[in-house]
Amino acid sequence: MIIVPTEKQLDWRHAPLVLCALVFINVMVFFLYQSSDTPKLIEVMTKYQVQGYFEREWPVFEEYLKKNNENELLGEYRAAVADEDTTAVIGDMLMHVDFYHYLTQNARTHFNPDFYDEWAPQRELMHKRIQSVSYIANGLTPAHLRISSLITHQFLHGDIMHLLGNMFFLIVCGFAVEAAIGHWRFLAFYLLSGVAGGLAHAASDWESTGPLVGASGAISGVMAMYLAVFRWKKIEFFYWFFFFVGYFRAPALLILPFYIGKEIYSYQFDSESNVAFMAHAGGFVAGAVLIGLAWLFNRSVFNTEYIESEQIANPRQQQLAEIYENIERFRFEKALALVNELISQQGQDFELETIRYNLLKIGRGEAFQQSALTLLTQPLLTPEHIKKLDRVWQENPEVHSQLNEQTALKLGMQFAALENPSSAEQVFNELLRAKSRNPALSVFAMKLAAAFQRLRDGQKKAHYESLAAQLAQGAERGLL
């Protein structure tokens, strides 16, 4: 479930300079600094296996896990070694700081002198290389807590989706908070919320050796600050709960206990998740407390004119809110009529066509097939749109033949970029059955070959490379 405050729109009269700087720093750190992590890990793991160190160190690692009562993990790793699936085991052995210290202290009793003299300096270099990986060097590890890591972990992210998700929530809430409390105070409160989130995470398990990365604690603080700035004023929220989507108005601070409670509940009952729920909860509490203290001791720091100014409602947003409200109340015919009216006023776009498609799917009449066809022929699609269209394609085989050749080619090439290129294969095979002579078909085949190379399916990769060569030769003969 997602609930996001949307009371304020970005106003460049209150330019969010700190917010822009934070987003820029996070993005640059991810792409310029963290991008070297994977090559480092591959380099060290490859060298480790080539040198044959795993076979020598594995008995020591077994001994280490036994002494630390890690019997369940030991059982899993023994099964993996028996199946010759040692990648995860090697990764843990290389990145486990405490094991490295145990290993160096006990290596002489396990290894003969000749091997030890060759192994020790090489293993030390490997350890240093691993320790330079971003989330190990600058992540927040509760068992080895450093003051600097309380700040540095806030600018690191696990993957691109982690980064994009955090930056989305930071932008949505951050500009209003910065406008309300000022640039430098916003920066200080942001960092302090991240520190509080990191400490809350560490306090939940002081012995954890898993590093925490991400701006989630700080961003949770920003979301709490947003609510605390508006206090009991009724503001607008966007919500998304399964297929229920829409807007509502409520006193801002009433949502804060929900935010905190949700994270604590998830921490208690979703123990398998790798989300740092206590960091979120700590950030929420810190953000609210910081705004509360500022309000208590110096109310002049707040831009009350900005906070109290009424939001000029976006007409389209109001119309969408009415559509979602009707969907929520199961008034599907009324919602469909409103969608059709909005499309007639503003023209087709992907969001409106998707809403219409989902409403027509209930009855699955003639208009539903036309709606599916309209969606499949939408121009200028984003990656997220392509994923949605993949489902539309799979749900509506009866409209496949109604697509013209050029549209089908374009759609198929876009499908080829998805993790699962099965829809792209279907499009390609349908074009072959239709005896398409389009020269771009060979390019399509190469895109499929690249897709199956990503999936490490050598047979299909070779198949589509062969087809691409045949189609290219056929196109050349046609030109001659």
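Side chains are part of it too, since the values below use all heavy atoms of this structure and drop only hydrogens, waters and symmetry mates.
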Chemist: Report yes or no: do Asn26 and Gln154 form a side-chain donor-acceptor pair below 3.5 Å?
Modeler: no
Chemist: Does the Glu430 side chain pair with the main chain of Ser401, one donor and one acceptor, at a distance under 3.5 Å?
Modeler: no
Chemist: Using a strict threshold of under 4.0 Å (side-chain N to carboxylate O), is an ion pair present between Glu425 and Lys460?
Modeler: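 Glu425 and Lys460: salt-bridged.
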Chemist: Measuring from Gln453:CD to Leu448:CG, what's the distance to the nearest 0.5 Å?
Modeler: 13.0 Å
Chemist: For residues 205-214, please give each side-chain donor-acceptor pair under 3.5 Å, one per line with the distance, not counting sequence neighbours.
Modeler:
{"from": "Asp205", "atom 1": "OD1", "to": "Glu207", "atom 2": "N", "distance (Å)": "3.2"}
{"from": "Ser208", "atom 1": "OG", "to": "Gly210", "atom 2": "N", "distance (Å)": "3.2"}

Chemist: Is the closest side-chain heavy-atom distance between Lys262 and Phe258 below 4.5 Å?
Modeler: yes
Chemist: Kindly indicate whether the side chain of Arg129, heavy atoms from C-beta on, has any atom under 4.5 Å from the side chain of Lys47.
Modeler: no
Chemist: Are any non-hydrogen side-chain atoms of Lys388 and Phe350 less than 4.5 angstrom apart?
Modeler: yes
Chemist: When you measure from the side chain of Lys40 to the backbone N and O of Ile130, does any donor-acceptor pair fall under 3.5 Å?
Modeler: no
Chemist: I'd like to check Leu409 versus Phe444 (side-chain heavy atoms, cut-off strictly below 4.5 Å). Are they in contact?
Modeler: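 They are in contact (side-chain heavy atoms under 4.5 Å apart), so the answer is yes.
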Chemist: Please name all residues satisfying side-chain contact (heavy atoms from CB on, under 4.5 Å) with Ser149, sequence neighbours left out, ordered by chain then number.
Modeler: Leu140, Leu145, Arg146, Thr152
Chemist: Parallel, tilted or perpendicular: which one describes the rings of Tyr100 and His127, with boundaries at 30° and 60°?
Modeler: parallel
Chemist: Could you check whether atom CD1 of Ile147 has more than 12 heavy atoms from other residues, nucleotides or ligands sitting under 6.0 Å from it?
Modeler: no
Chemist: Identify the two heavy atoms, one from Pro421 and one from Phe452, that lie closest to each other, and give their separation to 0.1 Å.
Modeler: CG-CZ, 3.9 Å
Chemist: First locate atom CG of Leu170, then atom OG of Ser220, and finally report the distance between them rounded to the nearest 0.5 Å.
Modeler: 11.0 Å
Chemist: Any side-chain to backbone donor/acceptor pair from Ser466 onto Ala462? Under 3.5 Å, distance only.
Modeler: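 Such a contact is absent between Ser466 side chain and Ala462 backbone.
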Chemist: I'd like to know if the side chain of Gln122 pairs up with that of Tyr53 as donor and acceptor (distance under 3.5 Å, no hydrogens or angles considered).
Modeler: no
Chemist: Is the CD atom of Glu398 crowded by more than 12 outside heavy atoms at less than 6.0 Å?
Modeler: yes
Chemist: The criterion is ring pair (Phe, Tyr, Trp, His ring centres under 6.0 Å); which residues satisfy it with Tyr102, sequence neighbours excluded?
Modeler: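 For Tyr102 the ring pair (Phe, Tyr, Trp, His ring centres under 6.0 Å) partners, ignoring immediate neighbours, are Tyr64.
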Chemist: Specify the closest pair of heavy atoms between Gln34 and Leu156, including all atoms of both residues, with the distance to one decimal.
Modeler: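 Closest heavy-atom pair between Gln34 and Leu156: OE1-CA, 3.5 Å.
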Chemist: What are the two closest non-hydrogen atoms of Phe155 and Leu22, and how far apart are they?
Modeler: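 Looks like CE2-CD2, 3.9 Å.
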Chemist: Run the side-chain donor-acceptor check on residues 87-96: report pairs under 3.5 Å with partners two or more places apart or on a different chain.
Modeler:
{"from": "Asp92", "atom 1": "OD2", "to": "Tyr77", "atom 2": "OH", "distance (Å)": "2.7"}
{"from": "His96", "atom 1": "ND1", "to": "Phe99", "atom 2": "N", "distance (Å)": "3.4"}

Chemist: For Leu373, is there any backbone N or O sitting under 3.5 Å from a side-chain donor or acceptor partner on Gln402?
Modeler: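 No; judged by distance alone, with no hydrogens or angles, the pair does not exist.
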Chemist: Taking the side chain as everything from C-beta on, heavy atoms only, tell me whether Tyr33 gets closer than 4.5 Å to Met28.
Modeler: no
Chemist: Test Asn404 against Thr407 for side-chain hydrogen bond (donor to acceptor under 3.5 Å, both in side chains), laying out the working first.
Modeler: CA-CA 5 Å; Asn404 64 47; Thr407 301; 2.8 Å; yes
Chemist: His144: what forms a ring pair (Phe, Tyr, Trp, His ring centres under 6.0 Å) with it, not counting sequence neighbours?
Modeler: none
Chemist: List the steps and the verdict of side-chain hydrogen bond (donor to acceptor under 3.5 Å, both in side chains) for Ser422 and Gln426.
Modeler: CA-CA 6 Å; Ser422 59; Gln426 289 177 16; 5.1 Å; no
Chemist: When you compare the side chain of Glu124 with that of Thr104, does any pair of heavy atoms fall below 4.5 Å?
Modeler: no
Chemist: Let me see the working for Asn438 and Gln406 under side-chain contact (heavy atoms from CB on, under 4.5 Å), right down to the final yes or no.
Modeler: CA-CA 8 Å; Asn438 195 309; Gln406 199 62 35; 3.2 Å; yes
Chemist: Step by step, work out the side-chain hydrogen bond (donor to acceptor under 3.5 Å, both in side chains) result for Trp119 and Gln51.
Modeler: CA-CA 9 Å; Trp119 167 86; Gln51 297 282 12; over 6 Å; no
Chemist: Between side-chain atoms of residues 185-196 and protein atoms elsewhere (two or more places apart, or another chain), which donor-acceptor pairs fall under 3.5 Å?
Modeler:
{"from": "Arg185", "atom 1": "NH1", "to": "Ile181", "atom 2": "O", "distance (Å)": "3.1"}
{"from": "Ser193", "atom 1": "OG", "to": "Phe189", "atom 2": "O", "distance (Å)": "2.9"}

Chemist: How are the rings of Phe284 and Tyr259 set relative to one another: parallel (under 30°), tilted (30 to 60°) or perpendicular (over 60°)?
Modeler: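 Ring orientation of Phe284 relative to Tyr259: parallel.
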Chemist: Test Asn106 against Glu63 for side-chain hydrogen bond (donor to acceptor under 3.5 Å, both in side chains), laying out the working first.
Modeler: CA-CA 11 Å; Asn106 295 275; Glu63 180 183 287; 5.4 Å; no
Chemist: What I want to check is whether the side chains of His385 and Gln378 have a donor and an acceptor closer together than 3.5 Å.
Modeler: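 Side chains of His385 and Gln378: no pair found under 3.5 Å.
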Chemist: Could you go step by step and tell me if Val222 and Phe169 meet the side-chain contact (heavy atoms from CB on, under 4.5 Å) rule?
Modeler: CA-CA 9 Å; Val222 172; Phe169 284 101; over 6 Å; no
Chemist: Report yes or no: is the cationic atom of Arg56 (NZ for Lys, CZ for Arg) closer than 6.0 Å to the six-membered ring centre of Phe115, at no more than 45° off its axis?
Modeler: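 Checked: cation-pi criterion met.
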Chemist: Under 3.5 Å, is there a donor-acceptor pair between the side chain of Asn112 and the main chain of Asp114?
Modeler: yes
Chemist: Where do Ala215 and Asn166 come nearest, in terms of heavy atoms and distance?
Modeler: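 Looks like N-ND2, 3.4 Å.
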Chemist: What are the two closest non-hydrogen atoms of Leu376 and Leu389, and how far apart are they?
Modeler: CD2-O, 3.9 Å
Chemist: Applying side-chain contact (heavy atoms from CB on, under 4.5 Å) to Ile355 and Ile327, what does each step give before you reach the verdict?
Modeler: CA-CA 10 Å; Ile355 297 171; Ile327 293 172; 4.2 Å; yes
Chemist: Give the minimum heavy-atom separation between Met278 and Ala200, together with the two atoms involved.
Modeler: O-CB, 3.3 Å
Chemist: Using side-chain heavy atoms (C-beta onward) and a distance below 4.5 Å, is Tyr464 in contact with Met446?
Modeler: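 Tyr464 vs Met446: side chains apart.
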Chemist: Quick one: does Asp37's side chain have a donor or acceptor within less than 3.5 Å of a partner on Val133's backbone?
Modeler: no
Chemist: Output, in order, the C-alpha distance, side-chain angles, deciding distance and verdict of side-chain contact (heavy atoms from CB on, under 4.5 Å) for Asn138 and His153.
Modeler: CA-CA 6 Å; Asn138 293 299; His153 85 277; over 6 Å; no
Chemist: Quick one: are Leu403 and Val399 in side-chain contact, heavy atoms under 4.5 Å?
Modeler: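 With C-beta onward as the side chain, the pair stays apart.
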Chemist: Name the orientation class of the two ring planes belonging to Phe61 and Trp58 (parallel below 30°, tilted from 30 to 60°, perpendicular beyond 60°).
Modeler: tilted
Chemist: Calculate, to the nearest 0.5 Å, the distance between atoms CH2 and CD belonging to Trp393 and Gln414 respectively.
Modeler: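 That separation rounds to 12.5 Å.
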